[in-house]
Protein chains: 2
Amino acid sequence: MATRAQRTERRTDALSKERIVDAAIGILDAEGEKGLTFRALAARLATGAGAIYWHVANKDELLAAATDGVVTRVVTDVGRGEGPREGIRTLALGVFDAIDVHPWVGTQLSREPWGSALLQIFEGLGGRLQELGVARADQLNSASALLNYVLGAAAQNAANARLALPVGADRSTFLGGIAARWTELDAARHPFLRQVSAELPEHDDRTQFLAGIDLILAGVDTARRAHG
Amino acid sequence: MATRAQRTERRTDALSKERIVDAAIGILDAEGEKGLTFRALAARLATGAGAIYWHVANKDELLAAATDGVVTRVVTDVGRGEGPREGIRTLALGVFDAIDVHPWVGTQLSREPWGSALLQIFEGLGGRLQELGVARADQLNSASALLNYVLGAAAQNAANARLALPVGADRSTFLGGIAARWTELDAARHPFLRQVSAELPEHDDRTQFLAGIDLILAGVDTARRAHG
DNA sequence: ACCTGAACACCGTTCAAGT
DNA sequence: ACCTGAACACCGTTCAAGT
């Protein structure tokens with residue numbers, strides 16, 4: 001019995017921060033942010049609610065760790081095979097797609113301003129801007145422009161997912177409904193929304209997201225030409 | 001007595017959605033998002049917690065109305081006196097400054113994707129892009145690039161305010177602490193963060209925010225030239 | 001029509017007690 | 001060292017009862 005205890009590398013059912021975070025991600029994906037409860041988490045792990053506090057300080061740390069897990073995977077997967085410009089697009093799109101699968105990540109990214117997940121994305125964007133030859137004085141501004149754009153789109157997408165899914169309607173009818181409401185708006189006060197409402201039902205979120213990245217990169221190029 | 005009841009325009013202390021929303025804004029500004037409770041709100045209004053539900057459906061509607069109140073004031077104040085490019089900068093900066101005063105607005109804007117507050121900003125940005133002569137095919141992409149950037153920066157700023165204020169430290173020591181942590185990072189894995197850490201303590205959030213707007217507008221100009 | 005306030009069904013977090 | 005589960009101090013929301 002004593003030897004058995006010695007050679008037990010690690011009991012599969014032992015609690016650990018990793019197991020807790022994985023279970024949390026599972027709940028978040030399946031039930032959304034409202035579903036993640038210490039009681040639900042304890043039930044899934046077949047333990048008491050208080051046990052989780054031995055491995056995790058509180059709910060904020062748990063959410064940060066879960067976000068970190070997802071983002072680390074994305075940033076690592078992107079790799080360094082391609083050129084800096086394509087790398088920025090791939091990285092941004094990777095974050096965008098991850099949020100499609102894990103909408104709660106989009107919300108969480110905006111909540112922890114200097115968290116590890118955010119820094120990884122920031123480093124990924126900024127490092128590639130350096131490779132691109134952006135002047136040193138412009139690097140911080142350009143990288144945070146890209147980061148803020150990605151974060152804004154991410155949060156927006158996450159909120160959309162929260163809104164569209166409960167209804168159960170498919171994407172185009174959902175957008176169609178919004179467009180219909182916009183079309184009814186006062187043309188004098190909302191000329192832009194009215195016009196855009198026609199394009200909304202057929203637009204593709206992913207394409208639009210990438211167009212925004214390219215727009216910012218075009219702005220970066222302008223500054224680059226002005227400096228050099 | 002009957003005539004008295006007739007000529008009572010409106011008792012000053014009567015509950016109304018407007019009074020409730022104003023009180024909510026007051027609590028949110030003073031105590032933050034965590035401080036806004038139906039019980040705290042009822043206490044401030046000298047009424048029962050349940051009374052609020054006669055005027056407001058639930059907490060989400062309350063938060064949306066509060067956000068709407070702040071944003072409407074900003075969008076209205078900006079006016080139409082200046083050219084479209086300057087108008088975009090003024091509008092964006094107006095939202096940015098409003099979030100400095102009401103950090104909770106930054107969080108909330110990302111939570112209600114098709115809410116009135118967001119649409120007002122979107123219309124303000126998009127309408128001015130139309131005036132700027134942006135090709136119709138590029139208007140939706142350009143406007144949402146600007147919107148997502150503003151939202152990302154807004155949420156980030158709000159999260160920073162949540163983080164910095166409880167500590168009570170002033171801004172430069174706060175940023176200095178973050179920069180110090182970045183400087184310790186592995187130079188090989190985080191070349192960008194390390195370099196940027198030197199610029200962080202002296203950088204100005206407002207200036208950087210505006211630089212991002214200008215960067216996107218430069219990208220918009222590029223597309224404009226290509227089309228025209 | 002509008003307001004009251006107790007009650008319900010939850011939370012995150014703590015902590016004495018166990019192993 | 002790690003886990004249990006009851007208990008504490010809250011929440012948002014409802015609803016019978018009042019005026």
Side-chain angles (χ1 to χ4, degrees), chain A residues 1-2 4-25 27-28 31-67 104 107-108 111-112 162 166, chain B residues 1-2 4-25 27-28 31-67 104 107-108 111-112 162 166:
Chain A
M1 285 289 255
R4 166 97 79 86
Q6 280 293 63
R7 79 166 111 86
T8 310
E9 310 86 296
R10 189 182 279 148
R11 279 166 50 209
T12 331
D13 61 329
L15 222 48
S16 68
K17 181 162 178 179
E18 197 192 348
R19 274 194 70 219
I20 292 172
V21 170
D22 282 347
I25 292 178
I27 293 178
L28 285 164
E31 324 276 351
E33 283 139 290
K34 287 194 65 173
L36 182 61
T37 293
F38 274 81
R39 282 166 180 82
L41 193 54
R44 184 185 257 244
L45 292 164
T47 182
I52 297 164
Y53 282 90
W54 187 263
H55 302 273
V56 165
N58 51 40
K59 197 173 182 180
D60 277 351
E61 189 190 305
L62 181 60
L63 280 166
T67 307
W104 50 274
T107 314
Q108 197 53 29
R111 293 207 152 270
E112 29 163 15
R162 260 200 312 274
Chain B
M1 287 287 257
R4 166 98 78 86
Q6 279 295 62
R7 79 166 110 87
T8 309
E9 309 89 298
R10 188 182 279 146
R11 277 168 51 210
T12 332
D13 62 330
L15 222 48
S16 69
K17 182 164 178 179
E18 196 193 348
R19 275 195 67 221
I20 292 171
V21 170
D22 282 347
I25 292 178
I27 293 177
L28 286 164
E31 324 277 351
E33 284 140 290
K34 287 194 64 172
L36 182 61
T37 293
F38 274 81
R39 282 166 180 83
L41 194 54
R44 183 185 257 245
L45 292 164
T47 182
I52 296 163
Y53 282 89
W54 187 262
H55 303 273
V56 165
N58 51 40
K59 197 173 181 179
D60 278 350
E61 190 190 304
L62 182 60
L63 280 165
T67 307
W104 49 275
T107 314
Q108 198 53 28
R111 295 206 151 270
E112 30 163 13
R162 258 199 315 273

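Letters go in sequence order (proteins before strands), and every chain restarts at 1. Quick note: numbers below take in every heavy atom, side chains included, and nothing from hydrogens, waters or symmetry partners.
No donor-acceptor pair closer than 3.5 Å links the side chain of A:Lys59 to the backbone N or O of A:Phe38. Looking only at distances, a side-chain donor or acceptor of A:Arg19 sits under 3.5 Å from a matching main-chain atom of A:Ala14.
One interatomic measurement links the two molecules: CZ of A:Arg39 to C1' of C:dC10, which rounds to 8 Å at whole-angstrom precision. Rounding to whole angstrom units, OH of residue B:Tyr53 and P of D:dG12 are separated by 7 Å. We find that CD of B:Glu33 is positioned 13 Å from P of D:dG12, with the value rounded to whole Å. Rounded to whole Å, atom P of C:dT13 lies 11 Å from atom CD of A:Glu61. One can place CG of A:Leu36 at 11 Å from P of C:dC11, the figure rounded to the nearest angstrom. One can place NZ of A:Lys34 at 12 Å from C1' of C:dA9, the figure rounded to the nearest angstrom. Protein atom CD1 of A:Ile52 is 21 Å distant from nucleotide atom P of D:dA1, rounded to whole Å. In this structure, A:Ile20 places its CD1 atom 11 Å from C1' of D:dC2, rounding to the nearest Å.
Nearer to the 5' terminus of DNA chain C, by closest-nucleotide assignment, is the contact made by B:Gly50 (compared with the other of A:Ala57 and B:Gly50).
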Check against salt bridge (Lys or Arg N to Asp or Glu O under 4.0 Å), A:Arg162 and B:Glu112:
CA-CA 10 Å; A:Arg162 260 200 312 274; B:Glu112 30 163 13; over 6 Å; no
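Counting all heavy atoms, side chain and backbone alike, A:Asn58 lies closest to A:Val56 at O-CG1, 3.2 Å. For B:Ala23 against B:Leu45, the heavy-atom pair with the smallest separation is CB-CD2, 3.8 Å. Nearest approach of B:Ala24 to B:Leu41, heavy atoms of both residues: N-CD1, 3.6 Å.
In summary, the side chains of B:Thr107 and A:Arg111 do not present any donor paired with an acceptor at a separation below 3.5 Å, with no hydrogens or angles considered.
Close to C:dC3, at under 4.0 Å from its OP1 or OP2, lies a side-chain N or O of B:His55. Between B:Trp54 and C:dC3 there is no side-chain polar atom (N or O) within less than 4.0 angstrom of OP1 or OP2.
The side chain of B:Ala51 lies closest to C:dC3 when the candidates are C:dC3, D:dT13, C:dT13.
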Dot-bracket for DNA chain D, 5' to 3', Watson-Crick and G-U pairs with both distances under 3.5 Å, [ ] for crossing pairs, | for partner on another strand, reads ||.|||||...|||||.||
